Amino acid sequence: MTLRVYNSLTRTKEPFETVVPGRVGIYLCGPTVYKPAHIGHMVGPVIFDTIKRYLVYNGYDVCFVINITDIDDKLINRAAEEGTEVAELAERMTRDYLENLATIGVDGVDHFPKATDHIDEMQAMIGRLIGAGHAYELEGDVYFEVSTDDDYGKLSGRSVDETLAGTRVEANQRKRHPADFALWKKSRQGEPAWESPWGPGRPGWHIECSAMSIKLLGESLDIHGGGLDLLFPHHENELAQSESCTGQPFARFWLHNGLMQSGATTGKVGGEHDRHGDRPDDDSTIEAEFDQQVAGKLAGSAGAASVKELFAVHHPETVRFFLLGTQYRSPIELSDDQIAETARSLQGFYRLLEAFERITGQSAYDLPVGVTRETSVEVVSEFGAFRDRFLDAMDDDFNTGGAVGVLFELRTAINAFISDRGLDDGGGATDQDGIAGLTSAVTLLRELGGLLGVFRQPPVEAAGDGGDSLVDELMQLLIDLRTEARSEKNFELSDAIRDRLADLGITIEDRNEQTSWRRE
RNA sequence: GGCGCCGUAGCCAAGUGGACUAAGGCAGCGGAUUGCAAAUCCGCCAUCCCGGGUUCGAAUCCCGGCGGCGCCUCCA
């Protein structure tokens with residue numbers, strides 16, 4: 001089993017090979033930081049973060065880069081609307097973006113280069129392109145001349161003529177060819193500007209990615225990623241200008257993730273819904289309102305909920321798990337219902353990890369997991385097949401959906417193991433073989449979950465009250481009283497206690513001599 | 001108009017020529033367990049949008065429909 005990856009450039013799955021053996025450079029096109037991140041901005045980072053984890057697991061030395069576009073027309077316009085400086089807006093939105101990434105578990109990014117920190121590199125590249133006859137200056141602007149690139153269009157599979165067929169030809173175009181695109185844009189009055197050989201201006205959109213990826217990852221990188229929407233024109237142009245400049249293949253593999261289909265969720269879409277209070281009855285109203293608002297695309301849609309709003313309602317791990325439930329190239333539709341279903345499906349994993357601690361006395365989250373195939377935990381044979389199947393799925397173009405399925409099967413197998421050996425029936429600790437088998441299997445579950453970036457920490461809402469000791473003590477009091485009632489066969493009272501707690505969203509579980517509780 | 005993608009159970013979703021008499025999850029149903037529950041376990045629950053064709057063999061390939069979607073506008 002070897003890794004195969006779908007390459008947008010060839011439109012086929014190819015065996016994964018790197019430019020330099022053992023090393024992988026990944027460049028993912030990041031956001032233009034002009035407004036708070038929405039969930040669509042998390043899709044790529046989560047996927048490529050997962051890809052990095054998997055490559056590291058396979059022994060590669062991986063360098064993962066996501067760029068920050070902090071100079072652009074949208075930034076200029078937005079800053080003007082808000083009456084702030086472009087730099088201030090960009091700085092604020094970058095912070096928002098990075099916080100969201102950390103929250104959803106994207107922690108493998110090695111560099112977040114900013115466009116404005118690389119003006120020199122971009123100018124140098126533009127200079128080289130002009131010198132090589134691939135670009136020309138025009139009244140303070142610099143354009144890449146598409147006709148000088150023989151294989152322009154090879155990534156998106158379209159010819160220049162096809163491209164122009166459906167395009168409105170803009171007025172006042174003095175470019176040599178309508179498809180020529182800007183490398184450098186002359187600045188207008190009051191706009192941010194950098195000095196250049198062609199006069200004050202700012203870089204075009206595509207050049208930053210070429211300049212920064214080459215600086216950080218070399219002239220040929222291994223994986224260039226981004227949303228499918230970037231395939232044309234952005235990636236096509238990046239490719240054209242990079243290869244025209246260096247003469248080297250720009251990227252070995254082009255990976256494009258499917259797009260979020262509809263504006264998402266959380267009841268915040270409509271406006272002043274409860275952000276804090278619990279009004280479960282309100283769901284239908286919120287959803288109805290939400291459904292009316294999903295028309296159109298997510299990105300660019302002013303109604304799309306921000307990531308922060310989404311995370312206020314749904315646990316970030318749930319969102320991450322949801323995003324990875326589908327093959328990354330497929331479009332994905334997000335709704336409150338879907339995320340809620342995902343949350344339910346995750347409960348079983350948390351229950352199992354709780355059971356592990358109950359049985360063994362140690363936290364499943366403290367188990368030392370393998371970080372590579374070589375250091376993977378040793379498991380008894382009946383569980384080894386799950387690892388193989390999980391890795392097989394991942395080897396097939398990072399099929400996280402299939403891998404997730406295997407995770408569920410592993411969960412059930414471990415529960416069956418516990419059930420068969422009666423490990424959770426009290427006194428299970430005397431079954432040394434059972435404990436050992438269970439421990440290795442749970443370690444495997446956490447190891448494989450870790451590849452997807454989940455099950456790394458206890459979910460706060462799944463156990464206890466999240467730190468309020470008074471609640472803990474009051475609950476213990478109620479449980480003691482109820483246990484007393486049960487021992488006297490006063491089930492009317494014990495059930496009433498349980499029912500009334502259920503009304504408060506608290507579930508009681510009687511197990512052997514122990515009673516536990518949790519919030520739903 | 002051009003380029004491309006998709007259509008698998010109530011819902012989500014793997015599988016893309018032969019071990020598919022089609023993973024897995026959610027929901028549902030039956031059983032075990034329980035004082036009753038919860039949790040857990042066991043079992044049940046699809047012939048793959050429609051119609052042709054290729055093939056010994058197709059959910060998987062080809063053609064034609066129907067339906068949904070993306071890009072061609074500096075949206076990840």
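Protein chains get the first letters and strands the later ones, always in sequence-line order, with residue 1 at the start of each. On a predicted model such as this, the values are computed, not experimentally measured, just so you know.
A:Leu346 places its CG atom 10 Å from the P atom of B:C26, with the value rounded to the nearest Å. Residue A:Leu259 contributes atom CG, which lies 14 Å from atom P of B:C6 at whole-angstrom precision. Between A:Phe322 atom CZ and B:C12 atom C1' the separation is 8 Å, expressed in whole Å. Put simply, CD on A:Gln327 is 18 Å from P on B:C12, counting in whole angstrom units. Atom CG in A:Asn237 sits about 12 Å away from atom P in B:C75, given to the nearest Å.
One distance of note links NE2 of A:His111 with CZ of A:Phe64; it measures 12.0 Å at 0.5 Å rounding.
Across the strands present, B:U40 finds its partner in B:A32; the criterion is a Watson-Crick or G-U wobble pair with both atom distances under 3.5 angstrom. Across all strands shown, B:G57 forms no Watson-Crick or G-U wobble pair with both key distances under 3.5 Å. In this structure, B:G10 forms a base pair with B:C26, meeting either the Watson-Crick or the G-U wobble geometry with both donor-acceptor distances under 3.5 Å.
Not a single donor-acceptor contact under 3.5 angstrom links the side-chain atoms of A:Arg344 to the base of B:G25. For B:C5, its base never sits under 3.5 Å from the side chain of A:Arg329 at any donor and acceptor pair. Side-chain to base pairing of A:Arg498 with B:A37: one donor and one acceptor N or O lie within less than 3.5 Å of each other. Evaluation of atom-type donor-acceptor distances gives no pair under 3.5 Å for the side chain of A:Asn399 against the base of B:G15.
When the side-chain nitrogen and oxygen atoms of A:Asn415 are compared with OP1 and OP2 of B:C41, one or more of them lie within a distance under 4.0 Å. The side chain of A:Thr32 contributes an N or O atom lying less than 4.0 Å from OP1 or OP2 of B:A76.
Between B:C26, B:C75, B:A14, one nucleotide has an atom nearer to the side chain of A:Arg411 than all others, and that is B:C26. In this structure, the nucleotide among B:G35, B:A13, B:A23 sitting nearest to the side chain of A:Thr326 is B:A13. Nearest to the side chain of A:Ala416, among B:A38, B:C41, B:A13, sits B:C41. Nearest to the side chain of A:Gln338, among B:C11, B:A39, B:C41, sits B:C11. Closest approach to the A:Phe232 side chain among B:G24, B:C71, B:C11 is made by B:C71 (side chain taken as heavy atoms from C-beta onward).
An aromatic stacking contact between A:Phe408 and the base of B:G25 is absent, as defined here by ring centres under 5.5 Å apart and ring planes under 30° from parallel.
Aromatic ring orientation, A:Tyr97 versus A:His41: perpendicular (interplanar angle above 60°, classes split at 30° and 60°).
Closest approach of A:Thr400 to A:Leu324, counting heavy atoms only: OG1-O, 2.8 Å.
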Query - Protein-to-nucleotide contact annotation, 5' to 3' order, nucleotides 16-21 of chain B [B base; S sugar-phosphate only; - none; under 4.0 Å, heavy atom] - result: ------
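Around the CZ atom of A:Arg11, the shell of radius 6.0 Å holds more than 12 heavy atoms that belong to other residues, nucleotides or ligands.
Between B:U16 and B:U47, the two C1' atoms lie 16 Å apart (nearest whole Å). Rounded to whole Å, the C1' atom of B:C50 lies 15 Å from the corresponding atom of B:U8.
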